[in-house]
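Remarks on the structure that follows.
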Amino acid sequence: MKALGAGTAVMAATTGAGAGQERINVGVITDAEGAHVDLYFAALAETQEVHSVVLADPSGKVVSGARKRLGEKLTATYDSFEAMLDREKPVMALVSLEARLAPPAVEAALNAGCHVLAEKPACVRIEDFARLTALAERKQRHLVLALANRLNPEVQEARRLIQEGKIGKIYGLEMHLIADQTRLTRPAYHESWFARKERAGGGHLIWLGIHWIDLAMFLTGSRITGVSGFRAIVGGQPLDVEDSAALAFQFDNGTLGTLTSGYYLDKGYHSHIKIWGSRGWLQIEKHGGTPLTWYSQDEPKAQVHRVENIEGPSGYSPWVRACVRAAAGVDPPPLTARESLRALETVFAGYRAAETGQRQTLK
């Protein structure tokens with residue numbers, strides 16, 4: 001067949017959307033500026049529940065990589081997402097675009113009846129994502145941000161311990177997620193959408209810090225309701241987004257917490273999540289430390305447990321598979337539209353707090 005304006009595509013049977021339908025057609029909406037595209041293609045290739053993939057890439061620069069990664073799973077390519085959605089009617093759309101460009105694509109996919117997995121932040125204004133969340137709920141479609149750390153084995157185990165009451169009532173938490181300053185020194189980065197507020201919505205906090213904000217709520221089972229904080233450009237690079245942010249949170253269960261979010265290193269990552277409760281504590285160090293350490297005073301012989309090896313996949317592949325299975329009606333989504341919205345609301349509240357010097361309240 002001929003994909004509209006996109007050249008010849010391979011004809012293949014597609015699988016429709018039905019409750020409990022385990023193999024589905026996925027539409028990818030991206031371009032040359034899309035983030036983590038190779039990882040998404042690899043994940044779709046590995047996911048058995050993906051029957052076929054169709055691609056909308058107006059830049060034309062992603063197609064060859066998609067073919068290499070997906071092989072025969074890639075059944076059609078288009079140069080517009082409108083044409084792809086209209087002709088292919090995928091069950092799920094995976095949207096990876098610069099933040100400024102994402103809302104129209106997400107909206108079109110939802111209106112076409114797709115469940116949506118969107119690379120974060122998927123907006124530069126919280127009002128846009130709030131509108132998309134409301135649309136997803138009206139359409140009874142999943143809208144999931146790519147906050148894949150939720151499925152990491154150390155996170156899953158820490159959440160299980162908290163839910164079982166091992167550390168008691170949550171009192172407080174502290175977090176940091178630190179990446180490299182080196183990337184910010186490159187001229188190519190200065191020209192990218194990540195370095196411009198009008199295209200990205202913000203800097204480190206909205207791109208990386210949001211992961212730990214989501215984990216704070218996921219692990220504690222409570223929502224952030226108050227935010228204070230600061231942001232700055234500490235590295236001296238020609239950016240108009242922050243490379244450093246520090247936030248303080250209040251949760252709806254009374255817990256208080258903090259986050260340091262910044263580009264400080266020469267390479268790699270430093271990360272840390274520590275949670276204290278009335279009966280113990282736990283600590284997650286994904287990068288360079290012990291993945292999970294915990295202590296409960298309720299044990300007969302209370303001791304510090306250091307979990308060096310936790311089996312289980314992490315990264316984009318399990319996240320994409322979880323979203324595909326949810327779209328197929330097999331499992332619930334790993335993240336709801338409202339949870340996605342709350343993570344973004346917290347980020348934008350942090351930005352308002354930094355700009356105004358006033359604590360922000362979230363309803």
Side-chain angles (χ1 to χ4, degrees), residues 17 24-37 39-41 43-44 50 53-59 62 66 77-148 150 193-194 198-202 206-207 210-211 214 316 319-320 322-324 326-328 333-348:
I24 66 170
N25 183 26
V26 176
V28 177
I29 302 173
T30 191
D31 60 19
E33 299 296 321
H36 300 141
V37 173
L39 296 175
Y40 285 127
F41 288 149
L44 291 169
V50 174
V53 178
V54 291
L55 170 65
D57 170 26
S59 73
V62 181
T77 62
Y78 292 79
D79 60 8
S80 81
F81 62 78
E82 294 92 347
M84 182 267 283
L85 293 169
D86 179 66
R87 188 148 186 175
E88 301 291 340
K89 296 178 172 52
V91 177
M92 187 183 100
L94 195 163
V95 179
S96 181
L97 295 167
E98 74 170 72
R100 178 184 57 176
L101 302 178
V106 173
E107 183 175 10
L110 290 171
N111 280 325
C114 300
H115 301 285
V116 177
L117 165 59
E119 178 58 69
K120 45 52 177 161
C123 66
V124 296
R125 302 185 322 128
I126 192 58
E127 294 83 3
D128 290 333
F129 201 86
R131 177 174 52 80
L132 294 172
T133 297
L135 176 61
E137 291 176 342
R138 288 198 304 273
K139 296 286 186 178
Q140 297 184 324
R141 301 290 91 180
H142 306 313
L143 173 56
V144 181
L145 284 182
L147 298 173
R150 277 189 173 213
W193 64 269
F194 300 100
E198 72 276 7
R199 299 177 66 187
I206 203 169
W207 181 242
I210 189 173
H211 285 289
D214 176 62
Y316 283 84
W319 189 258
V320 169
C323 292
V324 168
L335 180 74
T336 68
R338 284 284 157 184
E339 290 168 333
S340 300
L341 177 62
R342 177 52 55 135
L344 282 168
E345 285 176 331
T346 303
V347 168
F348 283 105

Side chains of Glu107 and Arg131: closer than 4.5 Å at any heavy-atom pair?
yes
Minimal non-hydrogen separation, Glu33 against Trp193, with atom names
O-NE1, 3.0 Å
Kindly give the heavy-atom pair with the smallest separation between Cys123 and Phe129, and that separation in Å.
SG-CB, 3.9 Å
Measuring only between side-chain heavy atoms, which start at C-beta, is Val26 closer than 4.5 Å to Pro90?
no
What are the two closest heavy atoms between Met92 and Ala327, and how far apart are they?
CB-CB, 3.9 Å
Between CD on residue Glu98 and CD on residue Glu198, distance to nearest 0.5 Å:
9.0 Å
May I ask you to test the Pro333-Cys323 pair for a side-chain heavy-atom distance under 4.5 Å?
no
Heavy-atom side-chain contact between Leu117 and Val320 under 4.5 Å
yes
All heavy atoms of Trp207 vs all of Ala35, minimum pair found to be CH2-CB, 3.5 Å
Backbone N or O of Leu335 within a donor-acceptor pair of the Arg150 side chain at under 3.5 Å?
no
Using 30° and 60° as the class boundaries, would you call the ring planes of His142 and His115 parallel, tilted or perpendicular?
parallel
CG on Asp79 to CG on Asp31, rounded to 0.5 Å:
12.5 Å
Are any of the side-chain heavy atoms of Val28 and Val62 separated by less than 4.5 Å?
no
Taking C-beta and beyond as the side chain, do Ile210 and Pro121 meet within less than 4.5 Å on heavy atoms?
no
Side chain to side chain contact (heavy atoms under 4.5 Å, CB included) assessment of Leu132 paired with Leu341:
CA-CA 9 Å; Leu132 294 172; Leu341 177 62; over 6 Å; no
Atom pair OH (Tyr316) and CG (Leu94), whose distance is rounded to the nearest 0.5 Å:
10.5 Å
To the nearest 0.5 Å, atom CG of Leu55 lies from atom OG1 of Thr77 at 6.5 Å
Please check if the number of heavy atoms outside Gln140 that lie under 6.0 Å from its CD is greater than 12.
no
Compare all side-chain heavy atoms of Val324 with those of Val91 and state whether any distance is below 4.5 angstrom.
no
Got a second to check how far Leu101's CG is from Phe81's CZ, nearest 0.5 Å?
9.0 Å
Does Thr133 form a side chain to side chain contact (heavy atoms under 4.5 Å, CB included) with Arg338? I'd like the steps, not just the answer.
CA-CA 7 Å; Thr133 297; Arg338 284 284 157 184; 3.8 Å; yes
One pair to check against side chain to side chain contact (heavy atoms under 4.5 Å, CB included): Asp214 and Leu145. What are the steps and the verdict?
CA-CA 10 Å; Asp214 176 62; Leu145 284 182; over 6 Å; no
Determine whether Phe348 and Ile206 make a side-chain contact, defined as any pair of heavy atoms from C-beta on separated by less than 4.5 Å.
yes
Of the non-hydrogen atoms in Arg141 and Leu110, which two are nearest, and what is the gap between them?
CB-CD2, 3.8 Å
Decide side chain to side chain contact (heavy atoms under 4.5 Å, CB included) for Ile29 and Met84; before the verdict, give the C-alpha distance in whole Å, the side-chain angles of both, and the deciding distance to 0.1 Å.
CA-CA 9 Å; Ile29 302 173; Met84 182 267 283; 3.6 Å; yes
Working to the nearest 0.5 angstrom, can you tell me the gap between Lys139 NZ and Cys114 SG?
11.0 Å
In terms of heavy-atom contacts, Val124 and Arg100 come closest through CG1-N, 3.8 Å
Using a strict 4.0 Å threshold on nitrogen-to-oxygen distance, state whether Arg342 and Glu339 make a salt bridge.
no
Are any side-chain N or O atoms of Ser96 and backbone N or O atoms of Thr30, one a donor and one an acceptor, separated by less than 3.5 Å?
no
